Number of protein chains: 2
Amino acid sequence: MDFSEPGDVLLADCPARTTLDVIADKWAVVVVFALGRGPRRHTELRELIGGVSKKMLTQTLRKLEGHGLVERRERPAAPVRVEYRLTELGATLLGPVESLSRWAEDNAEGILAAQDRRAELHAA
Amino acid sequence: MDFSEPGDVLLADCPARTTLDVIADKWAVVVVFALGRGPRRHTELRELIGGVSKKMLTQTLRKLEGHGLVERRERPAAPVRVEYRLTELGATLLGPVESLSRWAEDNAEGILAAQDRRAELHAA
DNA sequence: CAGGATCCTCGAAGATACTG
DNA sequence: CAGTATCTTCGAGGATCCTG
């Protein structure tokens, strides 16, 4: 249990932590997941995701774009059409994200059960 | 690309999304990661993680405990000693979390590069 | 349609001090 | 040591309106 070994990153002020901050945010994860199935437009994403404001979605997309994970492609037309897609780099994030979402799906029940047990204790 | 297929969860108001909210937070991920190597005490965690306030750490631990991912074990003594460890359920989260952290580590460089390219454009 | 600009609020989180 | 309590600030994010 020696944390000074290499491989024990993610702690303190390492690049991995910085990088994690990019994606350790609810919307980023969900957006990447949603784009995992192919390019989507702003409105499509909003409908698919649900519960995200226009502002937050744009903000999240800009952030992901700024980090090279998402590409914005504007179709000249009137009214404008804008498509977002994962970049090659962004696509590599899909594995971990889906691993996470699979876990979330598989363990939703257990988590909620624990939550409820808590609630009951708290009520007593 | 049909989102109505099963397996396309994580969108809208599904249990997976609720569950994701539990862990889609910076500190939660890092704490789980840190506990992945064995039980740790409050102070140890604070030192290992770095940049987290006492308050936030306690809060995060309570949350994880409330969701059945972490167990709090108090050793009667003076001064009190408290150990935190992953529960069995919590340990199952280790896979996804490490998958994520490995990604973060491997792609830190690429991410930062994209970031910098952006910064330059913005400066111009 | 996509998204900038503005205004406003409310809660997340730091600082500080105290306790079992 | 491992917290709790209190106070305060600061910015994330919603609502609304406007534009190319």
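Each chain gets a letter, A, B and so on, in the order its sequence line appears, and its residues count up from 1. Just so we're clear, the structure is a prediction, and the values are computed from it rather than from any experiment.
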From CG (B:L61) to CE (B:M56), nearest 0.5 Å
10.5 Å
Using a heavy-atom distance cut-off of less than 4.0 Å, which residues of residues 53-65 of chain B contact DNA chain C?
B:S53, B:K55, B:M56
Sorted by first residue and then second, give each side chain to side chain donor-acceptor pair (under 3.5 Å) pair with at least one member in residues 52-61 of chain B; sequence neighbours left out.
none
Can you pull out every side chain to side chain donor-acceptor pair (under 3.5 Å) where at least one residue sits in residues 82-99 of chain A? Sequence neighbours excluded, please.
A:E83-A:R85, A:T92-B:W103
For chain B and DNA chain D, what are the first and last nucleotides along the strand, 5' to 3', with at least one atom under 4.0 angstrom from a heavy atom of the protein chain?
D:dC1 to D:dT4
N/O donor-acceptor pair under 3.5 Å between B:R46 side chain and B:R41 backbone
no
Salt bridge (charged side-chain N to carboxylate O under 4.0 Å, His left out) involving [X] - partner list, sequence neighbours excluded:
X	value
A:R73	A:E71
B:R62	B:E65
B:R102	none

Could you work out, with side chain to side chain contact (heavy atoms under 4.5 Å, CB included) as the rule, every residue matching A:E109, not counting sequence neighbours?
none
Got a list of side-chain donor-acceptor pairs under 3.5 Å for residues 19-35 of chain B, not counting sequence neighbours?
unit_1, atom_1, unit_2, atom_2, d
B:T19, OG1, B:P15, O, 2.8
B:D25, OD1, B:W27, N, 3.0
B:D25, OD2, B:K63, NZ, 3.1

Sub-4.0 Å heavy-atom contacts from residues 72-85 of chain B onto DNA chain D, ordered by number
B:R72, B:P79, B:V80, B:V82, B:Y84
Under the side chain to side chain donor-acceptor pair (under 3.5 Å) rule, collect the residues that match up with B:R72, sequence neighbours excluded.
B:E74
